[in-house]
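A quick write-up on the structure given underneath.
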Amino acid sequence: SRLGILIVRHLKRLERVILGYLEVSDGPEEEARLGILETLQCTIEHAWPRMPCRLPVLLKALLRLLWDVHSERGPTPEPVRAALLHRATQCLILLDRCSRGRVKVLLEGVHSSCEENRVRECLRRVQESS
């Protein structure tokens, strides 16, 4: 957050780091994933004018994270899973705002075909956000 809008100078490298951390579980407490979701949220808030062009990659990664968190049956405690789902949902809502509703449009088909309640609930929150 210290860099503010100047973070756009590093977006390409930062995007690779974010995607790498989102893909891999780091143990029961998921500290790295939670931290990188916070970093992504801060990045979206500060570099929002540059986010629409990164939307396809970030949307795919966040949806994959939602599914992975839901389907993984490891030692991760329920409050940690809930925190991951909440932060990923917050990032999706921010992406939707900075892309002028494109996330909602892209998620319409996913929401209607998703049968998993927790993932569906996250998608519903994105759809209902203003």
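Atoms OG and NZ, from Ser129 and Lys104 in turn, are 4.0 Å apart once rounded to the nearest 0.5 Å. Atom CD1 in Ile44 sits 11.5 Å away from atom CZ in Arg54 (nearest 0.5 Å). Here the straight-line distance linking atom SG of Cys91 with atom CG of Leu62 works out to 5.5 Å at 0.5 Å rounding. Here the CD atom belonging to Gln41 is positioned 12.5 Å from the CD1 atom belonging to Ile36, to the nearest 0.5 angstrom.
Taking the side chain as every heavy atom from C-beta outward, Leu22 and Leu37 approach each other to under 4.5 Å. Under the 4.5 Å side-chain criterion, counting only non-hydrogen atoms from C-beta, Leu65 is in contact with Arg33. Within the 4.5 Å cutoff, the side chain of Arg124 has no heavy atoms near those of the Arg120 side chain. Side chains of Leu63 and Leu107 form a contact here, defined as non-hydrogen atoms less than 4.5 Å apart.
Salt bridge absent: Glu15 and Lys12 never bring a charged side-chain N and a carboxylate O closer than 4.0 Å. A salt bridge does not link Arg118 to Glu72: none of the charged nitrogens lies less than 4.0 Å from a carboxylate oxygen.
Across all their heavy atoms, Asp96 and Arg102 have their closest contact at OD1-N, 3.7 Å. For the residue pair Arg125 and Ile93, the shortest heavy atom distance occurs at O-CD1, 4.1 Å.
Proximity of a side-chain donor or acceptor of Asp68 to a complementary backbone N or O of Glu23 within less than 3.5 Å is not detected.
Cluster annotation: Trp48 and Leu59 are assigned to distinct hydrophobic clusters (Ile/Leu/Val/Met/Phe/Trp/Tyr, side-chain heavy-atom contacts under 4.5 Å, transitive).
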